[in-house]
Protein chains: 2
Amino acid sequence: MTDERQISKAVISRLPRYYRYLGELMEEGIERISSNELSARMKVTASQIRQDLNNFGGFGQQGYGYNVKYLYTEIARILGIDRQHNLIIIGAGNLGQAIANYTNFEKRGFIIKGMFDTNPRLIGLVVRGVEIRGIDDLEQFIIDNEVQIAALTIPKSKAPEIAERLVKAGIKAIWNFAHTDLNVPDDVVVENVHLSESLMRLSYRVCSMQDERERKAKEKAEQTGTNETC
Amino acid sequence: MTDERQISKAVISRLPRYYRYLGELMEEGIERISSNELSARMKVTASQIRQDLNNFGGFGQQGYGYNVKYLYTEIARILGIDRQHNLIIIGAGNLGQAIANYTNFEKRGFIIKGMFDTNPRLIGLVVRGVEIRGIDDLEQFIIDNEVQIAALTIPKSKAPEIAERLVKAGIKAIWNFAHTDLNVPDDVVVENVHLSESLMRLSYRVCSMQDERERKAKEKAEQTGTNETC
DNA sequence: TAGATTGTTAATCGATTAACAATC
DNA sequence: TAGATTGTTAATCGATTAACAATC
C-alpha cells in the first residue's frame, strides 16, 4: 500500500524540511502554494520540490499548486509522525534531559516513556513527568511499554554494550548521540547525531571562508599595485 | 597554499569520520593501514577513501598504505582543528550545558569563552569553569574575546534576532540548534543541527522497515499457502 | 477558454565505483 | 626484483535541473 520502490536517502532527508516550511505556511494562514513560491522561500529549485513530492504520488493540482494543509498531512503520514512512537532515553545527563524537555517531540507522536541512568544521584528524579530509572530494569521496561526507539545519550565507551542489550530486548531503532558507530542487525535502524563531526565540518567551512577572504584581499592588493609580485 | 579547487560537500562531510577512525587506530597502536583494510572497518569502498584523500594531495605510499599518525594530523589540519577556535554558547539550558560539558571539544581546539542566557536564575552560574552571562554583554564580549563561533541553543522564536546581533558583532560562524533556518550574509557560516528533522528521518526509516517486514511475512504466508490470494 | 502550474520525461551534472598504470 | 597498494583515469551510477506536454 505504502511502498512501490526504494526512495532515495536524499529525498527522505529533505522531507522534514518541507514539513517545517509547510507548518510555517499554515501558521501564516496560507492555504495554497506553488512549487515556485515554495522554492523561493526554501532556496531550492521548484523542479526538485516537484520531483521529490512525486516520489510519493501527485499531491498537487495543475494550474493551482499544492494545498498546504493537505500536503502537510501527507508528509506527516509518509514520515510516520502521524503514529505514536514510544521512546526511552538512555543517559539522563544534560543531553538526555534536553531531549526530554523538548515538548515538540511529543506533538510529533514521540512519547517519552522512561529515562535511564547509572548515576545513583539521578535515579528517582523526575524530568517533565518522566522518572529516571536504574539501567537494570531496561529489558523488562522495553517489553512492558512497547518501546520502539531508544535515544542513546551516553559516553562512547558504554554505547556498544547498551546497544546490544537494546537490540536483544527488541528495540526497533536507536537515535545515537554517542560518538561512535554501532554494530546492529540490518533490521535495526540507527540514526546518528555526531555533534563533534558537525562541529568539525563547521570548522572546515570557517577556515576555507577565511582562506577565500585572504585570497580576495591579496588579489585586490595586487590589482591596486600595493605589492611587487608582478 | 591550502586551496586549489572547490572540494565537494560530500567529501568534507566524510572527513570527520575518517578522523575518528584514525584516532581509534592510533589508540590500538596501529601504525599503518591500507585503503582496503580501512574500507573494511568503515564499511565504505577503498576507492572512495583513496579518491577522497587525493582531493587534498597524496598522503599514502604505493605498496605501503597510509601512515596512521601522519594521516590523522593531516586531516586535522584540513579540518582546521589544529587551530584554536573561540566559541560562545547562547542559551544555557540543558542543550547549551551539554555542549559546555563535552570536554572533547576543547581537545579539538574549540575553547568555550562564555555562555549567555536571559534567564536571571541562570546568570552568574558557572558551568565547567565558564560563567553564564546576561545577553546584554554579547557584542562587547565577542569583540574582547575574539569569538569566532556561536552555538545557538535557544528557542526558534528568539533565534533570528540573536543571529542578527551575532553577525553585526562580527561572528564568523553559527552552530545552529534552533529549529529554524537563519538568514545571514554569505560569508557567515551556518551549520545546522536540526534534531527534530533527524528524529523524523528515523521515524521514516522505522516505518519503512516495518512495512518491509510485513511485506516479507505476507510473501512467506502466500508461499506456504496460508491464505487464499492466488 | 486562457493562464497557470503540475507531473513527468529528457538532459545535465556530479559523485561513486572500477580498473590499472605508476611506483614504493 | 616481485608484491602490494597507491594515485588517477575511465566507466557507471544516481541525483539534480531543464523542458514541456498534460490538465486543472
(Q) What residues from residues 14-31 of chain B pass a heavy-atom cutoff of under 4.0 Å to DNA chain C? (A)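 Output list: B/Arg14.
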Q: Please list, by residue number, the residues of residues 60-73 of chain B whose heavy atoms come closer than 4.0 Å to an atom of DNA chain C; answer none if no residue qualifies.
A: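 Contacting residues: B/Gln61, B/Gln62, B/Gly63.
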Could you tell me which residues satisfy salt bridge (Lys or Arg N to Asp or Glu O under 4.0 Å) with [X], sequence neighbours excluded, listed by chain and number?
{"X": "B/Lys69", "answer": "none"}
{"X": "B/Lys9", "answer": "none"}
{"X": "A/Glu164", "answer": "A/Lys168"}

Q.
Give the dot-bracket line for DNA chain D from 5' end to 3' end: parentheses for intra-strand Watson-Crick or G-U pairs under 3.5 Å, square brackets for crossings, | for inter-strand pairing, dots for unpaired.
A. ..||||||||||||||||||||||
Salt bridge check: are [X] and [Y] linked by an N-O gap of less than 4.0 Å?
{"X": "A/Glu197", "Y": "B/Arg20", "value": "yes"}
{"X": "A/Asp187", "Y": "A/Lys172", "value": "no"}
{"X": "B/Asp181", "Y": "A/Lys43", "value": "no"}

Residues 203-210 of chain A side chain polar contacts: donor-acceptor under 3.5 Å, at least two apart:
| from | atom 1 | to | atom 2 | distance (Å) |
| --- | --- | --- | --- | --- |
| A/Ser203 | OG | B/Leu79 | O | 2.6 |
| A/Ser203 | OG | B/Gly80 | O | 3.4 |
| A/Ser203 | OG | B/His85 | NE2 | 3.1 |
| A/Arg205 | NH1 | B/Val190 | O | 2.9 |
| A/Arg205 | NH1 | B/Glu191 | OE1 | 3.1 |
| A/Arg205 | NH2 | B/Val190 | O | 3.3 |
| A/Ser208 | OG | A/Tyr204 | O | 3.3 |
| A/Ser208 | OG | A/Arg205 | O | 3.3 |
| A/Gln210 | OE1 | A/Arg213 | NH1 | 3.0 |
| A/Gln210 | NE2 | A/Glu214 | OE2 | 3.3 |

Q | side chain to side chain contact (heavy atoms under 4.5 Å, CB included) against B/Ser8, all qualifying residues, sequence neighbours excluded | A |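 Partners of B/Ser8 under the side chain to side chain contact (heavy atoms under 4.5 Å, CB included) test: B/Ala10, B/Val11.
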Q.
My understanding is that only residues two or more places apart in sequence, or in another chain, count here; which of them pass side chain to side chain contact (heavy atoms under 4.5 Å, CB included) with A/Asp82?
A.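 Expected list: A/Arg77.
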(Q) Using a 4.0 Å cut-off to any heavy atom of chain B, which nucleotides of DNA chain C are the first and last in contact, reading 5' to 3'? (A)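 Taking any atom under 4.0 Å from a heavy atom of chain B, the span is C/dA15 to C/dC24.
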Q.
Taking the ring centre of each residue, are A/Phe105 and A/Tyr102 less than 6.0 Å apart?
A.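 Yes, ring centres under 6.0 Å apart.
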Would you be so kind as to tabulate the donor-acceptor pairs closer than 3.5 Å made by side chains of residues 25-34 of chain A, with sequence neighbours excluded?
| from | atom 1 | to | atom 2 | distance (Å) |
| --- | --- | --- | --- | --- |
| A/Glu28 | OE1 | A/Arg41 | NH2 | 2.8 |
| A/Glu28 | OE2 | A/Arg41 | NH1 | 3.1 |
| A/Ser34 | OG | A/Asn36 | N | 3.4 |
| A/Ser34 | OG | A/Glu37 | N | 3.2 |
| A/Ser34 | OG | A/Glu37 | OE1 | 3.2 |

**Q.** A/Val188 side chain reached by A/Leu166 side chain, heavy atoms, under 4.5 Å
**A.**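 Side-chain contact under 4.5 Å: no.
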Q. Is the number of heavy atoms from other residues, nucleotides or ligands under 6.0 Å of B/Glu146 CD greater than 12?
A.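 Not buried by this count: 12 neighbours or fewer within 6.0 Å.
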Q. Which pair of non-hydrogen atoms, one from A/Ala178 and one from A/Ile154, has the smallest distance, and what is that distance?
A.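 Residues A/Ala178 and A/Ile154, closest heavy atoms: CB-O, 3.5 Å.
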(Q) Show the nearest heavy-atom pair for residues A/His179 and A/Lys156, with the distance to one decimal. (A)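 For A/His179 versus A/Lys156, the nearest heavy atoms are O-CD, 3.6 Å.
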Q: Tell me which residues in residues 34-53 of chain B put a heavy atom below 4.0 Å from DNA chain D, sorted by number, or none.
A: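 Under 4.0 Å from DNA chain D: B/Ser34, B/Ser35, B/Arg50, B/Gln51.
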